[in-house]
Visitor: 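Would you mind keeping the following structure in view while I ask a few things?
To find a chain, count down the sequence lines: A is the first, B the second, and so on, and within it residues start at 1. All values below come from the heavy atoms of this structure, side chains included, with hydrogens, waters and symmetry mates left out.
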Amino acid sequence: MKLEILNALDGASILKELGANAKKSTAASALAKIKVPHKKSEKYRYFDIEPLVSKDWTVFHPESQEVQSKGKKIVFQDGILANRGDIEGVSVELGDFSDIDGAHFDGLYYLSHLLAKKTVIIRCSKDASFEIEHNFSQSNVLINYRVAIFVDANTHCQIYESFKGEAEGSFVLGGYDIFAARDASLKFIKSHTLEASGYTPVWSSRYKVDSNAFFKLSSFDFAKSNGLNIFKAELKEGANFDASHLLYGTNKAKCGIVSEIEHEGKSSVSSQNAKSILDNGARGIFDALIRVQNSAKWTKAHQNSKAVLLEKGAYMASKPQLEIYIDDLEASHGSTTGQLDEQALFYMRSRGIKEEDAKKMLILAFAHEVVATVDDEYLANKIYAEFERVYYGYYELDCLKTCENCQDTTTGL
Amino acid sequence: MSKVLEIKNLKAKIGDKEILKGLNLNLEEGKVHAIMGPNGAGKSTLSKAIVGHYDVEVTDGEIIYKGKNIVDEEPEERALEGIFLSFQNPVEIPGVNNAYFLRTAVNARRKHLGLPELNAAEFLREMRAKVEELGMKKELINRSLNEGFSGGEKKRNEILQMMMLQPDVVILDEIDSGLDIDALRAVSEGINKSKDGKRSFLVITHYSRILDYIKPDYIHVLKDGKIVKTAGPELVAQLEKEGYGSFEEN
Ligand SMILES: Nc1ncnc2c1ncn2[C@@H]1O[C@H](COP(=O)(O)OP(=O)(O)O)[C@@H](O)[C@H]1O
Ligand SMILES: [Mg+2]
């Protein structure tokens with residue numbers, strides 16, 4: 001199936017074409033209006049979306065399989081719920097999802113909802129900390145799935161999201177609808193390594209952060225191939241959204257974040273910090289808008305992007321934007337792209353540290369600032385080690401020469 | 001007396017501007033040499049030329065260190081061979097742990113000298129002892145390198161690095177700037193203790209106060225890109241009285 005054919009259809013025909021449930025007619029009309037993106041679409045200019053829309057995809061529809069209920073992990077296999085885990089206070093069901101956003105900016109958000117027959121609905125009614133693991137093994141198919149997470153009022157959760165498998169040539173479309181109810185808190189930590197010969201993921205999500213709720217998103221993308229994260233966050237009165245993103249791109253990967261943060265309620269707070277390290281022809285994307293509506297007095301909104309380019313062919317598409325419809329607020333945004341600090345490099349070399357080693361220390365330091373935002377020490381160490389693995393992996397030859405140093409770096413002091 | 005560093009007819013530019021204009025200077029093993037001169041004379045430029053800083057382009061002349069011209073050597077090679085510069089303005093490096101950085105540098109030098117590397121515990125023991133000697137706050141050991149350090153803390157950290165790296169030639173560029181009297185004492189003590197009869201010092205200053213604490217064997221006056229006078233310590237008093245105005249090239 002070629003997704004671009006949907007662009008000629010109206011809402012009703014899209015529903016029919018995709019065999020989607022009539023309850024999703026608003027999603028179908030929204031898609032008919034926004035359209036399936038193509039390479040000139042505003043939000044996809046820096047990414048390579050053509051393969052998704054113009055290739056004749058086989059959509060992966062597996063046989064229905066039994067869902068296990070054991071351990072502290074929720075596991076997906078090629079987009080299918082394989083294990084709902086056995087986590088106290090956390091229910092995981094396949095169901096019809098009726099809270100699709102009526103005003104998302106992204107066509108793929110709607111497309112993915114329309115393609116998904118069912119949604120995996122996770123409800124956290126007690127404080128919990130658990131992992132969601134995504135496994136991929138099917139090559140050359142289109143995998144699509146949706147997950148909804150409800151964190152009940154006054155409930156505090158941490159979710160760690162991990163990824164396994166390569167699934168060469170596949171495209172993974174999907175995303176989350178996350179609802180943090182009043183006074184809830186959610187720490188969502190995502191660590192995703194994209195191998196050179198793997199699938200291409202595009203996640204399109206919606207986060208709704210209710211009154212006085214706190215949503216902390218820490219995303220780590222270590223990319224040797226393309227991948228894009230799209231999200232919209234809505235902040236109600238007193239809501240706090242804190243997003244940190246670390247991107248390491250190499251091997252010509254095009255990878256990054258497209259986001260819109262909507263301040264809807266009074267005294268809502270958002271802070272979004274992206275750090276990108278780009279090497280070997282990689283392209284980093286940070287196309288991020290913060291919109292403060294006129295209902296959102298006394299808002300605080302801060303946004304920053306810092307990128308380091310390690311070689312001439314690397315590129316950062318950084319587009320932080322603030323759209324403000326009110327006076328009474330505190331807001332800032334900034335963006336810097338550059339090389340490693342020459343003075344710092346020289347200082348280290350003047351103490352006898354080889355230039356290559358000095359560069360590595362500076363890069364690890366740059367990355368470490370984002371890793372340090374994860375306050376779960378076990379996870380922070382795990383993510384840092386993964387970054388080192390991917391980063392040093394590229395310098396494998398160097399590493400062999402100075403093996404004992406590499407080990408030192410991993411353990412630190 | 002054996003010369004550890006010989007600078008011959010050194011000419012160097014920063015950008016398009018010639019700063020060092022045929023400078024000659026010899027450093028003797030185990031001695032303390034002071035370079036004095038007005039602001040803008042080229043003192044920091046000289047120190048940068050010796051360590052191979054990217055700002056400075058050497059256009060002519062030689063810097064002979066231990067018998068070898070090092071003008072084309074990488075900064076890290078010069079450091080491994082034993083040249084150390086305490087910077088006038090040490091940089092702050094966020095995210096790089098002070099102890100981890102210094103241990104990497106110390107082990108690089110030890111490896112270069114054919115000595116066994118220090119493990120984390122051995123290294124920390126030594127570092128803690130030196131930190132105490134210098135009257136530094138212990139917490140600075142595990143902070144990011146120089147980040148948020150006061151002026152005095154940065155200078156003490158430079159001396160700490162010097163003491164741990166055990167170089168053969170130590171260049172101190174305005175080590176006393178920004179130091180209060182206690183810090184000045186601690187820093188000078190650290191430097192004086194590092195004198196071992198072999199290590200040479202080049203104390204760069206535009207102000208004679210530091211020379212009350214670190215006694216020089218020789219004074220050189222640097223003016224307009226050249227050394228215009230070399231004499232014994234008695235020159236300090238004359239400089240204080242008359243300033244640099246009276247020194248012309250001899
Ligand atoms: N990075 C630089 N770019 C341009 N000119 C410089 C730079 N650094 C120093 N200079 C110039 O070189 C001259 C010598 O400077 P410097 O060596 O710092 O003098 P000193 O240390 O004796 O005060 C001064 O005129 C100064 O303005
Ligand atoms: Mg100076």
Visitor: More than 12 heavy atoms of other residues, nucleotides or ligands under 6.0 Å from NZ of A/K306: yes or no?
Guide: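 No, not enclosed.
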Visitor: So which of A/H368, A/M361, A/E355 has the largest heavy-atom pair count under 4.5 angstrom toward chain B?
Guide: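 So the answer, after comparing A/H368, A/M361, A/E355, is A/M361.
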Visitor: So for B/D55, is it side chain, backbone, both, or neither that comes closer than 4.5 Å to the heavy atoms of chain A?
Guide: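 Contact with chain A: none, neither part.
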Visitor: Does A/E377, at its CD atom, have more than 12 non-hydrogen atoms belonging to other residues, nucleotides or ligands within less than 6.0 Å?
Guide: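 12 or below, so no.
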Visitor: Okay, side chain of B/E76, backbone of A/S350: is any donor-acceptor separation there less than 3.5 Å?
Guide: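 The answer is no, because no donor-acceptor pair under 3.5 Å joins these two groups.
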Visitor: Supply the atom-to-atom distance A/L364 CG to B/Y100 OH, rounded to the nearest 0.5 angstrom.
Guide: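 Here the interatomic distance stands at 7.5 Å.
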Visitor: Counting only heavy atoms not in B/K130 (residues, nucleotides, ligands), do more than 12 fall under 6.0 Å from its NZ?
Guide: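 More than 12 within 6.0 Å, yes.
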Visitor: Check whether B/H112 gets within reach of chain A through its side chain, its backbone, both or neither, counting any heavy atom under 4.5 Å.
Guide: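 For B/H112, no heavy atom lies under 4.5 Å from chain A.
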Visitor: I need the residue from B/E77, B/R109, B/R78, B/E74 with the largest number of non-hydrogen atom pairs under 4.5 Å to chain A.
Guide: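 The answer is B/E74.
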Visitor: Who among B/L102, B/V106, B/N146, B/T104 has the most heavy-atom pairs with chain A under 4.5 Å?
Guide: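 Of the options given, most contacts go to B/T104.
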Visitor: Considering residues, nucleotides and ligands other than A/K252, do more than 12 of their heavy atoms fall under 6.0 Å from its NZ?
Guide: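 For A/K252, atom NZ is not crowded (no more than 12 foreign heavy atoms under 6.0 Å).
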Visitor: Ignoring hydrogens, what is the shortest heavy-atom contact between B/L80 and A/G352? Give both atom names and the distance.
Guide: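 Heavy-atom minimum between the residues: CD2-O, 3.5 Å.
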Visitor: Within a strict 4.5 Å, meaning less than it, do heavy atoms of the A/F346 and B/V91 side chains meet?
Guide: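 A side-chain contact is absent here, since even the closest heavy-atom pair is not under 4.5 Å.
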Visitor: Which atoms of A/Q343 come close to chain B, meaning under 4.5 Å heavy atom to heavy atom: side chain ones, backbone ones, both, or neither?
Guide: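 Interface part for A/Q343: both.
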Visitor: Test the A/R351-B/F84 pair against the cation-pi criterion, namely NZ or CZ under 6.0 angstrom from the six-membered ring centroid and within 45° of the ring axis.
Guide: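 Relative to the ring axis of B/F84, which defines the angle, A/R351 lies inside both limits.
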Visitor: Please state whether the side chain, the backbone, both or neither of B/L145 comes within less than 4.5 Å of a heavy atom of chain A.
Guide: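 Answer is side chain: those atoms of B/L145 sit under 4.5 Å from chain A.
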Visitor: Measure across B/A79 and A/R349 and return the closest heavy-atom pair with its distance rounded to 0.1 Å.
Guide: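 Scanning both residues completely, I find the closest heavy atoms to be CB-O, 4.0 Å.
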Visitor: Evaluate the side-chain proximity of A/L362 to B/I93: yes if any heavy-atom separation is below 4.5 Å, no if none is.
Guide: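 A side-chain contact exists here, since the closest heavy-atom pair is under 4.5 Å.
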Visitor: Measuring heavy-atom distances to chain A, does B/P90 have an atom under 4.5 Å in its side chain, in its backbone, in both, or in neither?
Guide: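 Both backbone and side chain of B/P90 come within 4.5 Å of chain A.
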Visitor: If you count heavy atoms of other groups shown closer than 6.0 angstrom to NZ of B/K154, is the number above 12?
Guide: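 Enclosed.
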Visitor: Quick one: pull up OH in A/Y347 and CD in B/E92 and give me the separation to the nearest 0.5 Å.
Guide: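 Result: 10.5 Å between the selected atoms.
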Visitor: Can you give me the closest heavy-atom contact between A/E369 and B/P94, atom names plus distance?
Guide: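 Reported closest heavy-atom pair: OE2-CB, 4.1 Å.
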